[in-house]
Amino acid sequence: MVGVFRRSLSFPNKPNTNRPSKPSLSRHTRSISLPCRSHPLISQLKDHISELQSWSSKCDSSSAWLVDGLTRLTELHHCLDDTLQLPQTQEALRRQPHYSSIENLLEQFLRFVDVYGIFRSSVLAFKEEHSAAQVAMRKRDESKIALYVKARKRMAIEMSKIVTEVRFCTRSSESVSPNSVNVGDVELAAVVSDVVQVTVTVSVSLFNGIALSFGPRKSITWMNMGMVKKGKVDNQDQGIHEFEQVGIKSLLGLRKKGDEEVKMTLKKMRELETSIEGIETCTERVFRGLINARVALLNTLTS
């Protein structure tokens, strides 16, 4: 048997080193990333994403469809917030090279928060205009109805602008190199990217729908945004049914309209008001969920 000799340095009062040296033990570093087997919350996120993708493919251009999508989006962001609270999630996000220490993701969620904040303000202002228009409709006050028509066009322009803002969230998303991080990190990054994508999809279907309902039908298409596959654009490049029911033609020339025609328009305006209130309630929840997610990401970056 051949002995193994090692060179060593001696120091005063050092214990006797003539004892047989123990074989060196290999050290194993405990991984704090997500395990290869998905965390239950990651699986839940995937389920929510799948449901929203299915929801998007079944567009019926109604406010009820939008409320359903916004509700599902809220549930997705609640699950995302829970996932971001996990220590292993936070460590995995810090290792993501394509997020530059998640700063890119923070910017995306800040943009979401900003556009939903703008939407809340726009809806609040429009609700006041809509209520005043119903009173003007009963009085057949054409001058005030003209102001309402202008408010509709103004909101359409605002919605078109925030559609453009939301589009930047998909442009800033980057792919992950599977060779640069472990399997758990790749899975997490893919899921978070999908969360951003479906958030854009739901948001644009709302903002774009209002823009198309209240303004000229410009080419704010889903094809250019890369949201859906080819062949599935026509159903989604539409206005919202309840919003389009109150057309400009039904609002103008009130003095020439009969009582029944005015009553029918008022009925549709009340239905629109109900739709707006439902959408407003859901977007408020989405707004809070986006803020919570961004706070969780900010804590990850600063901790």
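Formation of a donor-acceptor pair under 3.5 Å by the Thr265 side chain with backbone atoms of Glu261 is found in this model. Checking side-chain atoms of Ser131 against main-chain N and O of Glu128 turns up no donor-acceptor pair under 3.5 Å. The closest donor-acceptor contact from the side chain of Thr89 to the backbone of Leu84 lies at 3.5 Å or more, if one exists at all. With hydrogens and angles ignored, the 3.5 Å screen pairs no side-chain donor or acceptor of Ser193 with any backbone N or O of Ala189. Between the side chain of Ser56 and the main chain of Leu52, no donor-acceptor pair closer than 3.5 Å is present.
Every residue two or more places apart in sequence or in another chain was checked for a salt bridge (charged side-chain N to carboxylate O under 4.0 Å, His left out) with Asp81, and none qualifies.
By the 4.0 Å N-to-carboxylate-O rule, Glu107 lies close enough to Arg111 to be salt-bridged with it. Ion pair Glu187/Lys46 flagged as a salt bridge, since at least one NZ, NE, NH1 or NH2 atom sits closer than 4.0 Å to an Asp/Glu carboxylate oxygen. In summary, Glu165 and Lys161 do not engage in a salt bridge, as defined by a charged side-chain N under 4.0 Å from a carboxylate O.
Aromatic ring centres of Phe168 and Phe112: separated by at least 6.0 Å.
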Before you tell me yes or no, could you show the steps for Tyr116 and Phe207 under ring-ring contact (aromatic ring centres under 6.0 Å, His included), namely the whole-Å CA-CA distance, both residues' side-chain angles and the distance that decides it to 0.1 Å?
CA-CA 10 Å; Tyr116 271 88; Phe207 306 145; 5.4 Å; yes
Pair Lys263, Asp259 - check salt bridge (Lys or Arg N to Asp or Glu O under 4.0 Å), show working.
CA-CA 6 Å; Lys263 286 181 181 179; Asp259 292 343; over 6 Å; no
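How far NE2 of His130 is from CD of Glu273: 5.0 Å, rounded to the nearest 0.5 Å. Considering CG of Leu297 and CG of Leu110, their distance stands at 11.5 Å, rounded to 0.5 Å.
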Give the table of side-chain donor-acceptor pairs shorter than 3.5 Å for residues 281-291, with sequence neighbours excluded, one pair per line with atom names and distance.
{"residue": "Thr281", "atom": "OG1", "partner": "Glu277", "partner atom": "O", "Å": "3.0"}
{"residue": "Thr283", "atom": "OG1", "partner": "Ile279", "partner atom": "O", "Å": "3.0"}
{"residue": "Thr283", "atom": "OG1", "partner": "Glu280", "partner atom": "O", "Å": "2.9"}
{"residue": "Glu284", "atom": "OE1", "partner": "Arg120", "partner atom": "NE", "Å": "2.7"}
{"residue": "Glu284", "atom": "OE1", "partner": "Arg120", "partner atom": "NH2", "Å": "3.2"}
{"residue": "Glu284", "atom": "OE2", "partner": "Arg120", "partner atom": "NH2", "Å": "3.4"}

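Applying the salt bridge (Lys or Arg N to Asp or Glu O under 4.0 Å) test to residues at least two apart or on different chains, none of the pairs has a partner in residues 197-213.
When each of Thr201, Val202, Leu206, Val200 is tested with Val166 by the rule side chain to side chain contact (heavy atoms under 4.5 Å, CB included), just one qualifies, namely Val200.
Of the N and O atoms on the side chains of Ser213 and His241, not one donor lies less than 3.5 Å from an acceptor on the other residue.
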